[in-house]
Amino acid sequence: MPYPHAHWYLLALIPLVGLAFWPGYFSRLGEVPWTLHAHGITASLWLLMLMAQSWAIHHGRRSLHRAAGRSSFVLAPLFLGSGFLVLKSMAQQTFAGHPFYQVFGAGLGLLDLLAVLFFAGFYYGALRHRRRVQLHARYLLATVLLLSTPIASRLFNFYVPGLQVRGPEDMHLFVIGVHLGNAIGLAIALGLYWKAPKHGRPFLMAALFLVTSSIAFQWLAGWAPWQAAFRSIGELPTAVVAALGLGLGALALWLGLRASAPGEGRGPGVGKGGQDLMPGVKKPTEVSIF
């Protein structure tokens, strides 16, 4: 099984999340809109689900592993739905003249849109390759790399001398923080890819996301078609925006569950419909974890 200590690395990520989001979120829980609470809760539950899956499968708790995996059937659509709601809130603040979002809102909106699309793609890949544990595990872990930019950029801009944003005169440092966050995520993604290139496609996709994010944030935020689309997202009814995210998650779930990559449909001793043709014969170790 790949990454036997993944749950410990994910656990170590939690204090970094706390530090990164303390100034703008955790220290102001009563002031932030419910959409941010929804996004924060579903993102936290997703991390806990990944930790539970990793711990369970490496301690022989297959039933717990499957139960945690099935919880993603609800969590993934809810996470994407809340992600779209945050995108709507960001668009509203951008075009309402919020000083920070007036400058960076369209760029951050592009980052968020790319993140939810790649998350849906990773989730689909994890389900499609659910019988190939090497790819399945990597697609799920790749979803964590989507957090590298929001976590690392905040750590830089809140705590690192020379990069701290204390007022409007320091706003140019926010851009540096975003690109540094992407660079750190990119280094991790490429490092994980080179450790096992044969199964590294999910991490190459994560690297593509991080490179595309920097390009989009730097050069495409002012693109007229995106500005128009971003404004439209802010004007859509909340229920419609939430439905778009929930629908994307449901689509990824449905397509992933019904898909089977070439060579995955049947293994040795498995017939049409998945029936066991060789009872008593030891089957491959790569089995469905859902």
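Model, not experiment: these values are computed from the prediction.
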F119 and ring pair (Phe, Tyr, Trp, His ring centres under 6.0 Å): which partner among Y124, W46, F209? W46

When the ring planes of Y139 and F122 are compared, do they come out parallel, tilted or perpendicular, using 30° and 60° as the limits? tilted

Just so I know, are the side chains of F230 and L113 near enough to count as touching, which here means a heavy-atom distance under 4.5 Å? no

With distance as the sole test, does R128 use its side chain to make a donor-acceptor pair with the main-chain N or O of G125 at under 3.5 Å? no

CG of L155 to CG of L163: how many Å apart, nearest 0.5 Å? 11.5 Å

For E169, salt bridge (Lys or Arg N to Asp or Glu O under 4.0 Å) partners two or more places apart: none

Just say parallel, tilted or perpendicular for the rings of H98 and Y101, cut-offs at 30° and 60°. perpendicular

Under the 3.5 angstrom rule, does the side chain of Q227 hit a backbone N or O of A221 as a donor-acceptor pair? yes

Side-chain donor or acceptor of S54 paired with backbone N/O of L50 under 3.5 Å: no

Quick one: does H65's side chain have a donor or acceptor within less than 3.5 Å of a partner on A56's backbone? no

Quick one: pull up CZ in F95 and CD1 in I233 and give me the separation to the nearest 0.5 Å. 9.5 Å

Please check: side-chain N/O of S153 versus main-chain N/O of V178, any donor-acceptor pairing under 3.5 Å? no

Just verifying a value: how many Å separate W34 CH2 and L85 CG, rounded to the nearest 0.5 Å? 5.0 Å

For the residue pair Q134 / R132, report whether a side-chain donor-acceptor contact shorter than 3.5 Å exists. no

When clusters are formed from ILVMFWY side-chain contacts under 4.5 Å, directly or step by step, what else is grouped with W55? L64

Is the backbone of G256 close enough, under 3.5 Å, to the side chain of R130 for a donor and an acceptor to pair up by distance? yes

Spacing of CG belonging to L10 relative to CG belonging to L48, to within rounding of 0.5 Å: 9.5 Å

Quick one: pull up CZ in R131 and NE2 in H136 and give me the separation to the nearest 0.5 Å. 11.5 Å

Going by heavy atoms in the side chains, are Q164 and N157 under 4.5 Å from each other? no

Can Y25 and H39 be counted as having a side-chain donor-acceptor contact under 3.5 angstrom? no

For Y9, is the OH atom crowded, meaning more than 12 foreign heavy atoms sit under 6.0 Å from it? no

Counting only heavy atoms from other residues, nucleotides and ligands, does the tally under 6.0 Å from NE2 of H37 exceed 12? yes

Distance alone, cut at 3.5 Å: any donor-acceptor contact between the side chains of S89 and T35? no

What distance separates R28 CZ from L36 CG, expressed to the nearest 0.5 Å? 9.0 Å

Give the intermediate values and the outcome of side-chain contact (heavy atoms from CB on, under 4.5 Å) for residues Q218 and H179. CA-CA 9 Å; Q218 189 69 39; H179 292 309; 2.6 Å; yes

Using the side chain to side chain donor-acceptor pair (under 3.5 Å) rule, take Y123 and T143 through it: C-alpha gap first, then chi angles, then the decisive distance, then the call. CA-CA 8 Å; Y123 185 54; T143 62; over 6 Å; no

Would you call the rings of F217 and F104 parallel, tilted or perpendicular, where under 30° means parallel and over 60° means perpendicular? parallel

So, N182 and T149: side-chain donor and acceptor under 3.5 Å apart, yes or no? yes

